[in-house]
Amino acid sequence: MMASFCHFPASPPHQSLSKLLSPLRRPRPHPFLPNVLCIFNPNRNRIRAGSQFRRLSLSSSSIALPPEELDSSSLGDLTRPDFPILHQEVNGFNLVYLDNAATSQKPTAVLKALNKYYESYNSNVHRAIHSLSAEATDEYEQARTKVAAFINASKPKEIVFTRNATEAINLVAYSWGLSNLRSGDEILLTIAEHHSAIVPWQLVAQKTGASLKFVGLTKEEVPDIEQLKELLSVKTKIVVIHHVSNVLGSALPIEDVVAWSHSVGAKVLVDACQSIPHMVVDVQKLDPDFLVASSHKMCGPTGVGFLYGKSELLSAMPPFLGGGEMIADVFQDYSTFAEPPSRFEAGTPAIGEAIGLGAAIDYLMGIGMQRIHDYEKELANYLYLSLLAIPNVRIYGPAPSETVHRASLCSFNVENIHPTDIATILDKQHGVAIRSGHHCAQPLHRSLGISASARASLYFYNNKKEIDVFIRALKDTIDFFISFHGTEGL
Amino acid sequence: MSSLSSSLRLFSPKLRQTFPKSPFLPSKPFFFSSPISFQRLPRSPLSEPLRAQQQHQRQQREAEVDLSVLPPRLQEIIALFQTVAEPKAKYQQLLHYGAQLPPLDPRFKTDDHRVRGCVSQVWVRAFRDADDHAAVRFEADSDSALTKGLAALLVFGLSGYPATVVASVPPGFVHLLGLQQSLTPSRNNGFLNMLKLMQQKALQLYSEVGDSEINGVSESKGSNSGAKDGVLDDKNTILGEKTDKTGKDSIFGEVSSANWSGDSLPFGDLMVDGHGMNSADGVQKSSNGGIGGRRERIRQRLERELSPVELEVEDISYQHAGHAGVRGNGDGETHFNLRVVSKEFEGKSLVKRHRLVYDLLQEELQSGLHALSIDAKTPSEA
């Protein structure tokens, strides 16, 4: 395990800005979205004179101009100023926020969009004739179009806005599941699924008589794809699978899984909560039947998420929640229903929040998902290697290598110290925010033989300096407990 | 002086200056603070007013805790923490307490003893003190060192006191320790849930006062289920019945159940049971002062001790006739509603008022009185 990551290309600690802006890495221009870049470096308080340098922030929508030469800074350094929340102290220490897998922070652009909505044109959508309502409806539907473009869905109407990914999975389970699953049918999942991907199917399985099957882990601590192939059969009606694991940091070959599943006649629901914020996700390439994600993990506000579903599937699905908006005609004893996506959007939606999600997508596209992904690969390896170097630390999931790319998160345990203790002292004595617990993956923890783990998860606004602070703090924390236990077990 | 103290607050919020009742604190602990006084510059205009607000809130919370309801040993522990200025040292102190906790016998590491909602595993056990049957002792354990430290604080601070004293400890005392322990009720709040479970177990023991004399069986795990079931919302009704009582063979009376649902501690109508007598055992109900006349005895006692402006004693045992717990006590006198308006209650919290009444009626509780519903007010409140 130790040898594999030696092959990984070493990256320089600082990327020069010009390299970041090289043609290869320039964000792909997209027909719908503005193309912006951030060139502001907060750590050096100099602003270069001269026409080549323009000081811009990603929150504005002006066109970027490449500077000739600037101090090298990472994507993290460049984007930090856009996130006001990161500039604070907790318990007397500078905040180091490493809990991004739980939720991400929001850039000023998103906050401004939310504010602007409520200040200028808040109005109920799809209902009224008046100008404010028309504007709100336009922006709301524009947000839907942005989401569709973001994942390369062919039609905006294949995007259903929900409260979050959990609700989206429930939507599929109750709407598609209840009308398509029968006794004897199988639902295939992996042991590493999030509770939100497991529980709705348990509930629906109970009602329909279907059963759940789980794919286990390989010894590299990745879901066993070979076992998945074996478990697929004509009885399998749907495969519910994550793209990137929020605990193991591993990514699954979704294209392959979809191909194999379709060949036995099974549908595929992809939980993209941990992938969409961090990399390019193309639903036409991956070809899932359903895909879910939450806004709050991708720089958007809480309270909104979405379900992507192939239009022919959505059209055949009965309503999930009933109410206004999703109807066509309502009589006393029955109603007729709207076409998707409205059919699945009962009641007044989180309008401002959906628009905020649209602003988040603009922001992310302004940086470029590939660029974010490449930067995070560096962070991921740096984090992994730094953690590995600490004695008695056990990291879960696969080791990074040429072929195995980890997400920029590490779940780990320190021998003889409870993860809650680690997280508490990291917070109280160092201002470092990580998570401890089962991360909504109890079956996974049980199969790893542990009750809880600690997890540090990064996003593109983190940088290596913060990883260094975390590692120092972790060592300090470990010493704190060791010096207390004496030589007990260590 | 005030500017010095305010700057002290900024970097050592743990120090409290107002502790007149505790003999353990030095009167002016300023010498624990650093000689150099400086303020951290706020990073952003947003965070500074928020911090000041949080400081103020914290000071308010600390000031609200009534030290006198805390058992002396707990007060000592609090005082000790207050002499430790640095947060890191406080955590070391906490770990130190945890290390002193003896490991819990594995047979007690069961679901019944587990504190719900902790990410770490925490077990708590309550048992009667061998020497002093009115006192409760605790044992606890956890796989998290810090949680074990908190458990130890509670075990050392609360063991050896009567259940009513334990039950009236407000969780807010933890603010005085300066550990920034949150008291927001949530499934993740180990400290709060630990304290609640300990208080719950203590009260269960208290309700079985006298059992161990009659029958060698110690507090059984089975009795806990009765406590959980009998949760009542109506302020004026008495307790739920024990579900597994079989009448003649059982020796347990009705188990007390305060309103444990949700997040509140039982500072409202705290109900306490006396022990139910079993006719099969031949033990008579009110052995003191003759049969019948309990109502009179209660009246007289309360009148003598509390000089109430208003006093109502209502025997509502008929509402519980036919209970397993009442069987054999055909002529009632097991459940009473009390309404007392007295100056004696002034300055006392609700719990202390109830405690006062129970203490006065101890004999009745020991001799067949099952339950009291108490409405205790001062003349100005009535």
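These values consider heavy atoms only, across backbone and side chains, with no hydrogens, waters or symmetry-generated copies.
In this structure, A:I417 CD1 and B:D143 CG are separated by 13.0 Å, a value rounded to the nearest 0.5 Å. Going from atom CD of B:Q121 over to atom NE2 of A:H418 covers 7.0 Å, rounded to the nearest 0.5 Å. Rounding to the nearest 0.5 Å places NZ of B:K90 at 11.5 Å from CD of A:Q429. Separating the CZ atom in A:F484 from the OH atom in B:Y91 is a distance of 14.5 Å, to the nearest 0.5 Å.
Within residues 92-101 of chain B, the residues having any heavy atom under 4.5 Å from a heavy atom of chain A are, by residue number, B:Q92, B:L95, B:H96, B:A99. Residues of residues 469-480 of chain A lying under 4.5 angstrom from chain B, judged on non-hydrogen atoms, are A:D476, A:F480 in numerical order.
Shown here for A:D421 and B:T147, the closest heavy-atom pair between the two residues is OD1-N, 4.2 Å.
Remark: A:K116 NZ is loosely packed, at most 12 non-hydrogen atoms of other residues, nucleotides or ligands lying under 6.0 Å away. Shown here is A:I390, whose CD1 atom has more than 12 heavy atoms of other residues, nucleotides or ligands within 6.0 Å.
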